[in-house]
Protein chains: 2
Amino acid sequence: MGLAKTEIFSDEQNEIAGFAKVFGHPARVAILQHLFKINTCVCGDLVNEIGLAQPTISQHLKELKLLGLIKGSVEGTSVCYCINTEKWLEMKGILNQFLNQDIAQQGDCC
Amino acid sequence: MGLAKTEIFSDEQNEIAGFAKVFGHPARVAILQHLFKINTCVCGDLVNEIGLAQPTISQHLKELKLLGLIKGSVEGTSVCYCINTEKWLEMKGILNQFLNQDIAQQGDCC
DNA sequence: CATATTAATCGTAATATTGCAATGTTAAGA
DNA sequence: TCTTAACATTGCAATATTACGATTAATATG
């Protein structure tokens with residue numbers, strides 16, 4: 001089917017999956033890393049930085065924007081992208097809660 | 001194409017994406033949460049716990065096993081699954097490094 | 001041995017994702 | 001206004017993912 005049965009899972013589970021999915025592709029990881037590294041707005045060099053065609057980068061940016069992880073503001077003919085710190089922290093909190101589940105666990109049992 | 005151009009990205013980027021991808025589906029999030037909650041081996045009740053068919057669960061378990069996040073040992077006619085703590089911690093470290101990138105960042109610029 | 005139980009695998013349908021060429025849009029500069 | 005630039009959108013081909021029915025494999029149990 002290719003279609004996830006999201007309705008049988010909790011909002012929390014779907015939220016975790018939603019955020020994680022966006023990192024599930026190396027191009028988006030690379031884009032985010034670059035945005036962090038530059039530390040100031042990037043305007044268009046992502047296409048040169050990463051080795052993918054312009055429409056492909058544009059599409060990945062769109063997905064990141066849809067989740068709210070990045071912001072884009074038009075700057076003349078170019079567009080300036082940067083991390084949305086607030087949303088990033090929110091996501092970090094949610095994912096960390098999931099990743100830190102193990103503290104109570106005392107070891108493997110298999 | 002549906003095929004990610006992994007060769008143009010660094011090993012680190014591909015590794016982050018690989019781990020994240022596995023959480024990119026709520027069923028796998030649910031499976032992991034349940035394995036943590038039970039805190040002892042779960043053998044087959046995952047199918048009842050989560051509302052998906054047995055082959056579907058089996059497939060998700062396979063992916064989790066492939067990455068090394070869970071271990072399974074045969075226990076009679078059933079199979080006992082549990083978290084692979086060592087691998088989980090390794091993954092946590094890698095993802096945390098990615099999620100914590102923001103510390104140096106001083107705010108949005110758009 | 002016959003049968004039931006449990007889980008893996010196979011095959012397949014439906015849908016999603018990835019990537020890009022072609023094209024559209026918008027704003028700057030000549 | 002015309003042209004160029006920087007992106008976004010559209011449309012499509014190739015591949016991946018998700019889900020499940022049917023089947024298979026392995027082990028208990030009567």
Side-chain angles (χ1 to χ4, degrees), chain A residues 1-9 13-14 17-32 34-35 41-67 70-82 110, chain B residues 1-9 13-14 17-32 34-35 41-67 70-82 110:
Chain A
M1 313 216 149
L3 179 150
K5 285 190 150 184
T6 53
E7 70 277 7
I8 64 174
F9 301 105
Q13 289 164 341
N14 282 314
F19 279 127
K21 202 171 180 182
V22 101
F23 303 144
H25 195 288
R28 289 187 295 259
V29 170
I31 288 173
L32 289 166
H34 190 66
L35 287 179
C41 286
V42 182
C43 293
D45 40 30
L46 279 167
V47 177
N48 306 318
E49 214 31 64
I50 301 166
L52 292 171
Q54 179 264 320
T56 309
I57 297 290
S58 196
Q59 201 174 291
H60 284 305
L61 286 169
K62 194 179 171 184
E63 282 178 68
L64 290 168
K65 211 155 118 188
L66 206 81
L67 261 191
I70 65 173
K71 291 193 271 190
S73 61
V74 181
E75 203 101 342
T77 100
S78 56
V79 177
C80 168
Y81 282 108
C82 63
C110 301
Chain B
M1 310 216 151
L3 180 149
K5 285 189 148 184
T6 53
E7 69 278 8
I8 64 174
F9 302 105
Q13 289 163 340
N14 282 314
F19 279 127
K21 202 171 180 182
V22 102
F23 304 143
H25 195 289
R28 289 187 295 262
V29 170
I31 288 173
L32 290 166
H34 191 67
L35 287 180
C41 286
V42 182
C43 295
D45 41 29
L46 279 167
V47 177
N48 305 319
E49 213 32 63
I50 302 166
L52 292 170
Q54 179 264 320
T56 309
I57 297 290
S58 195
Q59 203 173 289
H60 284 305
L61 287 168
K62 193 179 171 184
E63 280 178 69
L64 289 168
K65 211 156 121 190
L66 207 81
L67 261 192
I70 64 174
K71 291 193 269 188
S73 62
V74 181
E75 202 99 343
T77 99
S78 55
V79 177
C80 167
Y81 282 108
C82 64
C110 301

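Quick note on labels: first sequence line is chain A, next is B, and so on, each numbered from 1. Values reported hereafter were calculated over all heavy atoms of this structure, with side chains retained and with hydrogens, waters and symmetry mates removed.
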Of the nucleotides D:dC20, C:dA7, C:dG19, which one has an atom closest to the side chain of A:Lys5? D:dC20

For A:Phe9 and B:His25, take the angle between the two ring planes, folded into 0 to 90°, and tell me which bin it lands in: parallel under 30, tilted 30 to 60, perpendicular over 60. perpendicular

Atom OG1 of A:Thr56 and atom CD1 of A:Ile50: how far apart are they, to the nearest 0.5 Å? 11.0 Å

Would you tabulate the nitrogen or oxygen pairs shorter than 3.5 Å linking the protein to nucleotides 24-30 of chain D?
none

Where is the tightest heavy-atom contact between B:Phe23 and B:Val29, given as atom of each residue plus distance? O-CG2, 3.5 Å

Between B:Gly24 and A:Ala20, the two heavy atoms sitting closest are N-CB, 4.0 Å

5' precedence on DNA chain C between A:Gly24 and B:Ile57 (nearest-nucleotide basis): B:Ile57

B:Lys21 NZ - C:dA16 P separation (whole Å): 16 Å

Any side-chain heavy-atom pair from B:Pro55 and B:Gln59 closer than 4.5 angstrom? no

With the criterion being N/O to N/O and under 3.5 Å, what pairs connect the protein with nucleotides 9-15 of chain C, and how long is each?
residue	atom	partner	partner atom	Å
C:dA13	N1	A:Met1	N	3.1
C:dA13	N3	A:Met1	N	3.3
C:dA14	N3	A:Met1	N	2.9
C:dA14	N3	A:Met1	O	2.5
C:dA14	N3	A:Gly2	N	3.2
C:dT15	O4'	A:Met1	O	2.4

For atom CD1 of A:Ile70 and atom C1' of D:dC7, their distance in whole Å: 13 Å

note: A:His60, atom NE2; D:dC7, atom P; distance rounded to Å ~ 17 Å

Whole-Å distance separating the NZ atom of A:Lys71 from the P atom of D:dC7: 19 Å

Between A:Glu63 (CD) and D:dT9 (C1'), how many Å, whole number? 14 Å

Length of the NE2-P vector between A:His25 and C:dA16, whole Å: 17 Å

Can you tell me the distance, in whole Å, between the CG atom of B:Leu61 and the P atom of C:dA7? 10 Å

Side-chain N or O of A:Tyr81 closer than 4.0 Å to phosphate OP1/OP2 of D:dA6: no

What is the distance from atom CG of B:Leu64 to atom CD1 of B:Ile70, rounded to the nearest 0.5 Å? 4.5 Å

Counting any heavy atom closer than 4.0 Å, what does A:Leu52 reach on the DNA or RNA strands: base, sugar-phosphate only, or nothing? sugar-phosphate

Could you check whether any side-chain N or O of A:Arg28 sits under 3.5 Å from a backbone N or O of A:Val22, counting only pairs where one atom can act as donor and the other as acceptor? yes

So which atom in A:Leu52 and which in A:Ala27 form the shortest heavy-atom distance, rounded to 0.1 Å? CD1-CB, 3.8 Å

Give the rounded distance in Å between these two atoms: CD1 of B:Ile8 and C1' of C:dC20. 13 Å

To the nearest 0.5 Å, atom NZ of A:Lys62 lies from atom CG of A:Leu67 at 13.5 Å

